[in-house]
Amino acid sequence: MALKRLFPWMMSGPTIIVLVIFLAYPLISLLLMSLRDYGTSTINYTYVGTRWYEMLLRDQRFINGLGRTLIYSGGSVAASMVLGTIMAFVLNRNFPGVAAVRTMFILPMVAMPVASALVWGTMFNPTQGILNYFLEILGLPKSLWLASPNTALISIMIVETWMSAPFVMLIVLAGLRSMPVEPLESAQIDGANRLQMFLYVIFPMLRAAMATAALFKIIDTLKQFPIIWVLTKGGPLRASETLYVYGYALGFQFFDLGYGAAVLMCLLLLVAVISFFWMGLRRRSWMTE
Amino acid sequence: MSKTRSVFTLILLLMLLAVALPVQGQSEDFNWRQFEGTEIRGIMIQGPWINSAQAHIDAFEEATGISVTLDILPEAEAWDKMRVEMQAQNQNLDVFFNQTSTLGLEFLSNAWVEPLNDYIADPAKTNAEFDWENDFLQYSKDGVSFDGVVVAIPTDRNLGPMMFYRKDLLEEYGVEVPTTLEELREAAIKIWEDSGNTIPGIVYRGSGNSATSHYAHVMHEFGAAWEDADGHPTVNTPEHIAAFKWYGDTLREAGSVGATAFAFPETVNAFLTGNAAFTLELGINPSNVSNSDTSSVVGLVGYTVIPRGPGPEENRYTEPCRPLRPFGISISAFSQKKDAAWLFVQWMTGFDAQLDYLKAGRVAARSTPWSSTEFEESLSEDDREYWQAQQVASGFCYPTLGHAPPSLRDQGRARDIIGQVIETAILGGDVEAAAAMAQEELDMLWARQQN
């Protein structure tokens with residue numbers, strides 16, 4: 001009887017141990033760190049309670065970073081969803097070379113973020129980059145891209161979208177491939193046009209897959225670091241500094257470990273809140289379906 | 001008479017030999033292979049020193065049997081990596097390239113760097129030819145000492161502020177070599193405009209944090225200083241505002257597009273590929289310019305000291321002259337192979353390595369390479385022009401030192417704060433407001449340090 005009661009714990013035990021070591025321990029360490037002041041020295045610390053969290057509320061750099069993080073994540077996920085879905089519909093058709101095109105479209109997703117960012121960095125170069133060359137050919141005004149505080153964040157969002165859209169495409173494509181044909185045929189017989197078929201038949205059936213893809217991308221983009229760091233390091237004038245970049249700069253450039261940890265705890269909280277909110281929405285939509 | 005002279009000469013030679021022999025003998029007695037088979041690891045920065053040092057690292061490995069693994073990184077990444085490894089008390093980091101102006105005080109107060117005084121004084125550990133007392137320039141020795149604690153062996157003496165210009169472009173566009181910063185600004189804008197916006201007039205660092213090292217020269221020329229008379233950090237005086245505006249306006253109006261992304265490598269690259277008529281970048285040296293593999297401006301570059309700003313000329317010759325803290329090689333306090341690392345430090349700051357560094361156009365910290373025939377014979381006409389200008393520039397002694405207010409221990413953050421004003425100026429923003437905000441942030445940093 002006792003063995004029967006223990007059995008579930010024995011089965012889940014290894015997983016719990018791994019979670020505690022790799023998730024709970026760093027999380028608790030981060031939390032404790034955010035309650036300490038390491039000063040400009042990093043040897044000793046003093047306990048400061050919630051002082052850093054109170055300071056965050058008055059820290060304009062933090063507030064701006066929070067706003068940028070939300071804009072960055074929201075904008076690039078929305079663009080990825082649209083682009084990825086269009087790509088999935090294009091590749092759901094059979095045409096010569098579709099397999100090669102599909103592979104090509106997936107490449108941005110599997111490429112190393114740092115390498116991709118370096119390539120994009122040269123493309124964004126205002127004087128020698130290929131993007132301004134094309135703008136010039138089209139008779140459009142050149143852009144400063146990463147060099148201007150007005151366009152830096154949008155430029156990085158373009159890279160993020162380029163990297164994220166293939167993931168959305170794969171999920172949506174899988175959804176399209178596994179979709180039953182009967183509802184589509186019925187809609188066709190009932191005289192639905194293409195837009196109506198998409199809005200009232202295809203999209204509802206894809207909604208669960210798309211919501212999952214969006215959740216993954218929201219989490220990814222909220223904690224995006226390498227491409228922002230390689231392209232701008234948060235500049236110019238902190239115009240592309242998200243919370244993650246700010247936390248990194250505090251922790252690893254200025255060694256303000258306590259305050260940096262507090263910033264990153266807030267980011268963690270933000271990711272958790274958005275994830276729970278999103279999952280709650282999904283659960284509600286399942287219950288109503 | 002001639003016989004007497006010959007005898008005298010012979011006696012003199014014998015005396016010299018007698019003096020020289022023990023030194024040579026001790027030197028030969030020094031056991032360079034005492035740590036054979038040891039492996040040491042270091043972090044170095046990309047730039048002139050590592051370029052000239054590569055051959056000497058190979059020679060060191062061969063002579064000592066010690067194998068050396070180096071992470072060679074761009075400057076900013078290297079400092080970050082060092083800090084992270086020090087914070088983690090990594091025992092596998094043995095040596096590192098130390099920008100003592102930025103890291104010196106911070107690393108010493110955190111006990112991250114090994115004091116070298118005892119090593120220098122120990123004849124069992126130190127080759128007699130190392131000659132710390134007599135061969136290293138006093139200026140450089142003072143620069144790496146913090147209250148008598150030697151934190152690094154200097155590789156150089158800081159370069160004095162200079163201006164590099166394209167002789168061919170100045171002739172083509174009818175521009176005289178500027179002697180004031182205002183003339184420089186006008187000349188740079190003229191070349192940019194007269195070339196139909198194809199040749200940027202000037203290029204120098206605009207990427208905030210990195211740019212403060214060159215802004216420091218400009219601001220002193222405008223009569224500004226990093227600190228007020230009480231030693232309090234200051235960046236919002238009228239002199240600073242004027243200097244920030246000159247720094248930003250000149251870059252923007254003379255066609256340096258995207259300048260806020262320009263740190264050391266981008267600036268050097270722009271000038272050496274012919275994409276600027278002037279630069280203030282001290283990372284460029286005559287060996288870069290004359291190497292056709294990396295330069296498209298071979299034989300076209302002229303050298304002079306930084307043009308005069310509107311500030312008082314006495315700013316250039318402040319007494320007493322405090323030494324600028326130079327680059328050097330340090331040993332990590334957490335290293336488990338400090339003695340082997342010390343051999344590496346000695347070798348890489350020895351005569352041969354310093355001679356090659358000098359030939360590459362950097363101001364070597366040792367004095368003997370300067371008087372060597374090898375150096376003299378290696379000089380081209382352009383090199384001589386460079387060194388003549390550098391000799392004058394090296395004599396400058398501005399009132400405050402470094403790339404940020406020297407009283408602030410957290411130099412990295414101070415540079416980041418000041419860099420925001422520089423970027424604002426380049427982008428044509430409100431410099432006064434940015435400087436006021438920077439002053440507030442520096443005040444907070446200062447107050448926090450006092451607590």
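A note on names: the letters A, B, ... follow the listed sequences, proteins ahead of strands, and every chain is numbered from 1.
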In terms of heavy-atom contacts, B:Q87 and A:L257 come closest through NE2-CD1, 3.2 Å
Proximity breakdown for A:L237 and chain B, heavy-atom pairs closer than 4.5 Å:
both
Between B:D80 and A:Y248, is the side-chain contact (heavy atoms from CB on, under 4.5 Å) condition met? List the steps.
CA-CA 11 Å; B:D80 288 352; A:Y248 174 85; 4.0 Å; yes
Here the pair of heavy atoms bringing A:K233 nearest to B:E77 is NZ-OE2, 3.3 Å
Considering residues, nucleotides and ligands other than A:F225, do more than 12 of their heavy atoms fall under 6.0 Å from its CZ?
yes
Check: A:P236 main-chain N/O paired with B:T260 side-chain donor or acceptor under 3.5 Å
no
Between B:L427 and A:P149 the two heavy atoms that sit nearest each other are CD1-CD, 3.5 Å
A:Y244 atom OH: more than 12 heavy-atom contacts under 6.0 Å:
no
Given A:F252 and B:V84, is the side-chain contact (heavy atoms from CB on, under 4.5 Å) satisfied, shown in steps?
CA-CA 7 Å; A:F252 295 104; B:V84 170; 3.5 Å; yes
Taking side chain as C-beta onward, heavy atoms only, is A:F254 less than 4.5 Å from B:L445?
no
Please test A:L250 against B:R413 for side-chain contact (heavy atoms from CB on, under 4.5 Å), starting from the C-alpha separation and ending with a verdict.
CA-CA 9 Å; A:L250 284 167; B:R413 187 180 291 201; 3.5 Å; yes
Is A:M123 atom CE crowded by more than 12 heavy atoms from other residues, nucleotides or ligands, each under 6.0 Å away?
yes
Just checking heavy atoms, which of residues 266-281 of chain B are less than 4.5 Å from chain A?
B:N275
Would you find more than 12 non-hydrogen atoms of other residues, nucleotides or ligands less than 6.0 Å from A:Y53 atom OH?
yes
Any salt bridge linking B:R448 with A:D256? Criterion: basic side-chain nitrogen under 4.0 Å from a carboxylate oxygen.
yes
Over all atoms of both residues, closest heavy-atom pair of B:I417 and A:R238
CA-NH2, 4.5 Å
Does atom CE of A:M55 have more than 12 heavy-atom neighbours from other groups under 6.0 Å away?
yes
Thinking salt bridges, do A:R61 and B:D416 make one under a 4.0 Å N-O criterion?
yes
Kindly give the heavy-atom pair with the smallest separation between B:G258 and A:P126, and that separation in Å.
CA-CG, 4.2 Å
